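One structure below.
These values consider heavy atoms only, across backbone and side chains, with no hydrogens, waters or symmetry-generated copies. Quick caveat: nothing in here was measured; it's all calculated off a predicted structure. First listed ligand is number 1; within each ligand, the first listed atom is number 1.
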Amino acid sequence: MESCIDEILITEEEIQNRVRSLADQINRDYQGKEIRVVGILRGAFIFMSDLVRNIQVPVSVDFMAISSYQEGMESCGIVRILKDLDKPITRQHVLVVEDIVDTGLTLQHLKEVLATRDPASLKVCSLLNKGERRQVMDLKVDYVGFEIPNRFVVGYGLDFAERYRNYPFLFVLKPEYYRNGG
Ligand code: PRP
């Protein structure tokens, strides 16, 4: 079978080690507290499931779905809530879990929306950060797994045309795979 992998950017072992150390830091920071972990569908679902399994303070989970990319690979700045939280977050310590912060437009909007709901605290944990693509300059991402260069990465929850989310590592697709629409 022909491989679609151009280059593995972050291996499964590197991801798992980093997830454990992020969780250690979160365990220390939230000692004595309870966390409402909010996963942003769909890209964060794999990272979130590994992360929460390493968190030792009490957690509950909820999910939101947001549309930020219209078609293809570019963010267009239009952010819509497709699925809202099931439970209120009033007086909860909310930790938003994202797969990637790119331009920052999605997260900026999301933080504004969640801040109006009176959480006790609001922090963000993103597996990946593409700092060089940022359009929102003063956006705080409290926990970052990996800083990555401006390349289109898939795997470990991240997709191209809904494919490749199931790979346990992060990789760059061969160019012919996005030219042909996945
Ligand atoms: C990705 C990611 C963030 C957003 C980041 O979601 O999960 O929500 O894009 O981009 P930004 O910083 O430029 O706003 P995507 O729309 O690809 O959906 P998915 O999670 O369902 O794959």
Next item on the list: Output yes when the distance from some N or O of ligand 1 to some N or O of G43 is under 3.5 Å, and no in every other case.
Entry: yes
Margin query: I'd like to know whether ligand 1 has L105 as a neighbour, heavy-atom separation below 4.0 Å.
Written below: yes
Check: Taking only heavy atoms of E98, which atoms of ligand 1 are found under 4.0 Å from at least one of them?
Finding: 2 (C), 3 (C), 7 (O), 8 (O)
Margin query: If I compare all heavy atoms of N54 with all of D50, which pair ends up nearest, and what's the gap?
Written below: ND2-O, 2.9 Å
Next item on the list: Output the list of atoms in ligand 1 that are nearer than 4.0 Å to some heavy atom of D99, sorted by atom number.
Entry: 2 (C), 7 (O)
Margin query: Quick check on contacts: which atoms of ligand 1 are under 4.0 angstrom from a heavy atom of T103?
Written below: 11 (P), 12 (O), 13 (O), 14 (O)
Checklist line | Selected option - heavy-atom contact closest to atom 14 (O) of ligand 1, from V96, T106, L127, V141 | finding: T106
Sequence neighbours excluded and cut-off under 3.5 Å, please list the side-chain donor-acceptor pairs for residues 109-116, or say none.
unit_1 : atom_1 : unit_2 : atom_2 : d
K111   : NZ     : K140   : O      : 2.9
T116   : OG1    : V113   : O      : 2.6

Notebook entry, point to check: Taking heavy atoms and a distance under 4.0 Å, where does R133 meet ligand 1: side chain, backbone, both or neither?
Noted result: neither
Notebook entry, point to check: Do the ring planes of Y143 and Y30 sit parallel (below 30°), tilted (30 to 60°) or perpendicular (above 60°)?
Noted result: tilted
Note to self: Looking at R117 and D84, is there a salt bridge between them, counting it only when a charged N and a carboxylate O are closer than 4.0 Å?
What the structure shows: yes
Notebook entry, point to check: Taking only residues two or more places apart in sequence or in another chain, which ones pass side-chain hydrogen bond (donor to acceptor under 3.5 Å, both in side chains) with D24?
Noted result: none
Check: Sub-3.5 Å donor-acceptor pair from the side chain of R134 to the main-chain atoms of N129, do we have one?
Finding: no
Next item on the list: Enumerate the atoms of ligand 1 whose separation from the nearest heavy atom of D159 is less than 4.0 angstrom.
Entry: 22 (O)
Next item on the list: Ignoring angles and geometry beyond distance, decide whether I100 reaches within less than 3.5 Å of ligand 1 through its nitrogen or oxygen atoms.
Entry: no
Item checked: Region of R165 engaging ligand 1 - heavy atom pairs below 4.0 Å -> side chain
Notebook entry, point to check: How does L158 reach ligand 1, by side chain, by backbone, by both or by neither, if only non-hydrogen atoms under 4.0 Å count?
Noted result: neither
Next item on the list: Measure the acute angle between the ring planes of F171 and Y167, then classify it against the limits of 30° and 60° as parallel, tilted or perpendicular.
Entry: tilted
Notebook entry, point to check: What are the atoms of ligand 1, with element, lying closer than 4.0 Å to any heavy atom of L41?
Noted result: 20 (O), 21 (O)
Margin query: Could you walk me through whether R36 and S60 satisfy the side chain to side chain donor-acceptor pair (under 3.5 Å) test, starting with their C-alpha distance in whole Å, then the side-chain angles of each, then the deciding distance to 0.1 Å, before giving a yes or no?
Written below: CA-CA 5 Å; R36 174 71 51 84; S60 58; 2.7 Å; yes
